[in-house]
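See below for the structure under consideration.
Just follow the structure's listing: the first ligand is 1, and inside any ligand the first atom is 1.
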Amino acid sequence: MDYRNWIRDIPDFPREGILFRDITPLLGHGQAYKHAIDQLAEQVQLWAADVIIGPEARGYVVGAPLAYTLGLGFVPVRKKGKLPADTTAVTYDLEYGQDVLEMHTDAIQPGQRVVVADDLLATGGTMAATVELARKLGGVVVGAAFFIELLPLHGREKLSGIPIHTLVQYE
Ligand code: PRP
Ligand code: ADE
């Protein structure tokens, strides 16, 4: 299945010069969405994860159905100030800005095998911060899964040593 048919390009969003890869058409197409999740799940199963972690907000529409499909728990990583219990935090850079991500300190047990999931790998800043949060709590990051990879931004280099699986790559 060519997922590009359901990924829409929006020039100059959210800032001039950014070509935004919009996955909402894919999410809105039941068959394409299910196919994409099932295809990622096949790979994630091979990593024998205990838990899936996804960053707010688009990481949830990939990570949560992946976790459900595989019968695993899902841990939400959220932007600053949203999680109610004790948190640990990391500041990170985006293709278009800077932000803080947080995770509950009891969300991962030391030694648990963690897979991180998101819709898109751009500079890798979001995922590097998510990996850092997981490792702070003793998690062992065994893989990273995405719908989309933006190759010119070299996000993979920020995730060195972690197996990465992406469904669609853009030059
Ligand atoms: C987007 C996207 C990834 C991240 C990728 O999220 O969903 O999480 O950017 O970019 P990076 O590899 O350069 O870090 P965004 O921060 O726009 O938030 P959203 O999911 O709430 O839209
Ligand atoms: N997140 C970071 N860069 C992005 C892009 N170009 N399109 C969609 N989401 C993004």
Ligand 2 to Leu19 polar contact by distance, N or O atoms, under 3.5 Å: yes
Per-atom contacts, ligand 2 versus Ala122 - under 4.0 Å to a heavy atom: 2 (C), 3 (N)
Asp119 side-chain N/O to Gly59 backbone N/O, donor-acceptor pair under 3.5 Å: no
N or O pair under 3.5 Å between Lys79 and ligand 1: yes
Sub-4.0 Å atoms of ligand 1 with respect to non-hydrogen atoms of Glu56: 20 (O), 21 (O)
Region of Asp119 engaging ligand 1 - heavy atom pairs below 4.0 Å: side chain
Ligand-side contact atoms (ligand 2) for residue partner Leu120, heavy atom cut-off under 4.0 Å: 1 (N), 2 (C), 3 (N), 4 (C), 7 (N), 8 (C), 9 (N), 10 (C)
Atom indices of ligand 1 within 4.0 angstrom of Ala57 heavy atoms, with elements: 19 (P), 20 (O), 21 (O)
Distance under 6.0 Å and angle within 45° of ring axis: Arg4 vs Tyr170: yes
Polar atom proximity, Ala122 to ligand 1 (N or O, under 3.5 Å): yes
Geometric N/O contact Gly124 with ligand 1, under 3.5 angstrom: yes
Under-4.0 Å heavy-atom contact with ligand 1, by part of Thr123 that carries it: both
